[in-house]
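The structure appears below as structure tokens.
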Amino acid sequence: MSRVFFVAVAAALALPVLALAALVGQQEMRLAHARILSVPLTGYDPRDLLQGHYILAQFDWSWEREPAAELYGGTDGALCVLNDAPRPRVRFLRGWKAGDRTDSDCTLIVVGMARLGPPRFAPRGLDDGYGLVRFYVPEERAGELEKLMRDRPGALTADLAVRSDGGAAIKALRVDGNVLGR
Amino acid sequence: MAIVIAEHFTRRWQAAGLIDDNLAARIVAWEAAHRRPVFLWAVAGMGALALSLGIMAIVGANWESIPAWLKLAVDLGLNAACAVAVFVFWRRGWPWRRELAALLLFGLVLSGIALIGQVYQLQSEPWRALVLWLALGTPFLALTAYSRLTGTIWLIAAVTTWFVADAPLLEYHGSLWSIGRELLQSYVAACAMIVIAILRSLWDPARGQGEFMSRLAWAGLIATCTLAVAFDWISPRDGETPVEPILLAAAVSVPAAVALWLGGARNERTILLALLASSLLTWSLGLLVAPMRGLSGDLLRALLFIFYWTGIGAVAATAGRRGLFGLAFAMIGVRLLILYFEAIGGLTATGLGLIGGGVLCLLLAAAGWRMARVVPRRARGAVT
């Protein structure tokens, strides 16, 4: 057996392990250099084939005014966060792209898509296509969390890690302020 | 099971005086020494599959009591340990263990991707996870796993990924996939698998695996073309013509034809190329006659079906594949019977149709019996 083939087999076997470790590293990097924005969630218990149970929720923003979005489909842009407590006060910047000027009163920019009926906004990469976001939750608590989201709005919050380019990732899901599952 | 069947036939031939006691004993001993435990392979394969699915289900349960870092560390550790096991088994030349460990690693990689997606709440579409899984799993499977079982599982994984990834395909060029999308996806997948299987069979250690994958790919292609002319289930919108899908099908048939010509078995090249061409023709005509409804449409589809399976029967007869020849005959018989029912109505007519269809099937069976006798057996080596 040739040395090249030997090395190729070793490399092919190392590839998945290294790639998975790199994926973990990449996600940790994304979270480490981001600012955290806590957003309440409003609200079923479906299951994803690979990742298990999830709840489907939308971010409960405090809109300064209704976003100037298309009635059908969504409108790309960004959310200008005016202040972040207790519920982020926000304004939609229609068509905003990285590098565009932002309003002076914006403390943070989150890139994504706004929709109407009811007005909602989901960051790019988190949007399920309808302005909703999936949160993977423990199997035995999925029903309870779903009910909690309906009965006590604001009890469930998400920590959004927002990078300087406006990209966002979910850092944690909290129940009454306590981090769930991390 | 194989040894039991071999012993059964050996005893039968011994009782008929065709072979003597000494030869019978030698045959049974040889079979025992060279047995291929297909059932054990199947059970072991199911075990590896169940293990992988079990790990995936545990990941899916999303245990909140275990910290995320610990879950990720255990998962990475399991992947690393399994990769080392595959390497050791491959180095020592232990085929059973190597194949099963490789399958287990294949499953663990998918579990790892799912776990990372869950822990970091990643929202990407399932097809992205499946593409990443194939990209990470294919290299080590290609280099270390040569069994038919592994080849079949990889093929199922690849085809599943291809079908799950229909959303980006529709986004990329929606009109291309608007008529008979599933049929086009199946046709493209089958042609791609024919190429992959032929390339795989060029490498000596994986020859058997490649040849088996090739059979599966051909079965997929024939099933796709059969479905294209079996029913009136494709519903194109008014004025839509399937020119783009037919052009794409023709384009993907070219690499399959080149692979067949350059890498296929020399004695089967011409007939397989003829089968590929007739498959493309049948598939395309199936799409072209899709808008036709009523009796004329049913008759046209039935004729295409019968022509296609007649061609398969002819290929099978030329190649000496009696099983496929018999299947072609049965398919034509069933289609003719269905045609009878499609063409008639009312109870008396149904009764007459049943009698006519029954007679037709009996005549076909008699003709098939005679023709099967004249189909030569496929040459397989010393014993034919």
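Note that the coordinates shown come from a computational prediction; the quantities given were computed from them, not determined experimentally. Here is the naming used below: chain letters follow the sequence lines, and residue numbers restart at 1 for every chain. The figures that follow rest on heavy atoms only: side chains count, while hydrogens, waters and symmetry mates do not.
Heavy atoms closer than 4.5 Å to chain A are found nowhere in L70(B), neither backbone nor side chain. Only the side chain of L132(B) comes within contact range of chain A, with heavy atoms under 4.5 Å apart. Residue contact with chain A, scored on non-hydrogen atoms closer than 4.5 Å, is absent for A102(B). Heavy atoms closer than 4.5 Å to chain B are found nowhere in A11(A), neither backbone nor side chain. Looking at A169(A), neither its backbone nor its side chain comes within 4.5 Å of chain B, counting heavy atoms on both sides.
For W203(B), the CH2 atom sits in a packed shell: over 12 heavy atoms of surrounding residues, nucleotides or ligands are nearer than 6.0 Å.
The side-chain heavy atoms of V24(A) and Y120(B), taken from C-beta on, include a pair separated by under 4.5 Å. Between Y136(A) and V119(B) there is no side-chain heavy-atom pair separated by less than 4.5 Å.
Heavy atoms only, all atoms of each residue included: V109(B) and P16(A) are closest at CG2-CB, 3.5 Å. A21(A) approaches L76(B) most closely through the heavy-atom pair N-CD2, 3.7 Å. Listed here is the closest heavy atom pair of A19(A) and L136(B): CB-CD2, 3.3 Å.
For the atom pair CG of L20(A) and CG of L72(B), the computed distance is 9.5 Å after rounding to the nearest 0.5 Å. From L126(A), atom CG reaches atom CG of L122(B) across 9.0 Å, with rounding to the nearest 0.5 Å. The line from CH2 of W69(B) to CD of E28(A) is 12.5 Å long, rounded to the nearest 0.5 Å.
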message: Show, in sequence, the C-alpha distance, side-chain angles and deciding distance for W90(B) and V9(A), and conclude whether the side-chain contact (heavy atoms from CB on, under 4.5 Å) test is met.
response: CA-CA 9 Å; W90(B) 171 75; V9(A) 170; 3.5 Å; yes
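If you look at F87(B) and F6(A), their ring centroids are closer than 6.0 Å.
With hydrogens and angles disregarded, no donor-acceptor distance shorter than 3.5 Å links the side chain of Q121(B) to the backbone of K171(A).
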